[in-house]
Amino acid sequence: MKIFQVEGTLVATARIDKLESRRLLVVRERGGSRSVAVDPVGCKVGDWVIAVGSSAAKDAAGHKDYPSDLTIVGIIDYWNTEEAGPGGAT
Amino acid sequence: MKIFQVEGTLVATARIDKLESRRLLVVRERGGSRSVAVDPVGCKVGDWVIAVGSSAAKDAAGHKDYPSDLTIVGIIDYWNTEEAGPGGAT
Amino acid sequence: MKIFQVEGTLVATARIDKLESRRLLVVRERGGSRSVAVDPVGCKVGDWVIAVGSSAAKDAAGHKDYPSDLTIVGIIDYWNTEEAGPGGAT
Amino acid sequence: MKIFQVEGTLVATARIDKLESRRLLVVRERGGSRSVAVDPVGCKVGDWVIAVGSSAAKDAAGHKDYPSDLTIVGIIDYWNTEEAGPGGAT
Amino acid sequence: MKIFQVEGTLVATARIDKLESRRLLVVRERGGSRSVAVDPVGCKVGDWVIAVGSSAAKDAAGHKDYPSDLTIVGIIDYWNTEEAGPGGAT
């Protein structure tokens, strides 16, 4: 999965039927170019999210025939870079 | 999905049968190289579009055996970078 | 699909059985690195072609189990960057 | 497969149900950007790992419908750059 | 398919069961970063090989559930950049 920030909501009236009326968001990797992702989670502008690509994007969007190659699967709270347990960080 | 601008119509007479006579468009990402996409939407030169890749491109082109890895799924009207509701932009 | 120029024919005697004796071509994107594509069309050195990647490359090579991730699907004649009809170019 | 170093554990409370409660790790390729991988192996921060992408990431995560496009499949001990047997290095 | 040179054998004791005990090689594209490929062909260090990615890597590794996204499919002998027949090079 890749890490993106949500930049806005995309409006595309002329679309193939299979896209349905799902919410499409413009997202951007840090220092990267813009992509468009399907949002089944309910993100808002500015959120940092993780999105899945490849054929898994179809599963994540709800069903195997949904034509997505990038689907948001979660909103990032934070991440730990230190090992919590006694194992310690290397 | 990625954002592309339509640059022209591709003519390729010698092709595999499975490509059928579908309309193929030359498209380009901003600052990127040219790609070729199947167009089931009906775009014209200059349109900004979203296109799906990966195995979803086959579904988007109409059936699971269609040999596409890039299919246009919508024409972009515009996108909002401000949150519309009371949630506000972050 | 991506646009490549055919550079030559690849000879690889030691290969997995599933590759069969299909013709493999060395191809190159403009300004990019070399790739190897299966050729069911019959291209010659110097041709500009379109090739499909992702899982569609398997379908394009003839059957769903053929281990290709890049298959040539057409030879490019030319492309139009002007809208032919009364719709006009944007 | 690609080689990554584990940087930390990702916390994402708002997520699609299909992600379940699997452990998600922030990983980084040498000199590359951060990605997020599912970890069925049990890695700790600092480990160098191999992770599989594409549709194989779903299989590696346990079942064909799991929405992963990057799954850790092993922890690297080391690699040999010399041929061990009498065949010798080229 | 992409062209790689074999750099060494990877040792990863902690791995998911589905990887089995297959031979994993560290490979590198000319001027690119290292990847790890499954080797069903029997390559040695220094060999130039072609490897298949995408979902075809699973088929190439032997069965549809094998979690590979990069599988070596042949060892390169050489390639011709001149058209052999009377058709001539363009």
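The chains referred to below are lettered A, B, ... by the order of the sequence lines, with proteins before strands, and numbering in each begins at 1.
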Please report the closest heavy-atom contact between [X] and [Y], naming both atoms and the distance.
X: D:K2; Y: E:R34; answer: CD-O, 4.3 Å
X: D:I76; Y: E:A12; answer: CA-CB, 4.3 Å
X: D:K64; Y: E:K64; answer: NZ-O, 4.1 Å
X: D:I3; Y: E:V36; answer: CG1-CG2, 3.8 Å

Do side-chain atoms of E:D69 reach the backbone of D:M1 as a donor and acceptor pair under 3.5 angstrom?
yes
Check: E:T13 main-chain N/O paired with D:D77 side-chain donor or acceptor under 3.5 Å:
yes
Salt bridge between E:K18 and D:D59, side-chain N to carboxylate O under 4.0 Å?
no
Engaged part of E:S33 at the chain D interface, taking heavy atoms whose separation is under 4.5 Å
side chain
Of the backbone (N, CA, C, O) and the side chain (C-beta and beyond), which part of E:V27 lies under 4.5 Å from a heavy atom of chain D, both, or neither?
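Contact with chain D is absent: no heavy atom of E:V27 under 4.5 Å.
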What option among E:L25, E:D65, E:T71, E:V6 has the most heavy-atom pairs under 4.5 Å with chain D?
E:D65
Just so I understand: if I count every heavy-atom pair under 4.5 Å between each of D:G74, D:A57, D:G42, D:A56 and chain E, which residue has the most?
D:A56
Where on D:K58 is there a heavy atom nearer than 4.5 Å to chain E: the side chain, the backbone, both, or neither?
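Neither part, no heavy atoms under 4.5 Å.
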Would you mind checking which part of D:I50 comes under 4.5 Å of any heavy atom in chain E, side chain (CB onward), backbone (N, CA, C, O), both or neither?
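It is the side chain, since no backbone atom gets that close.
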So, applying side chain to side chain contact (heavy atoms under 4.5 Å, CB included) with D:Y78, which one of E:L10, E:T9, E:V11 is it?
E:V11
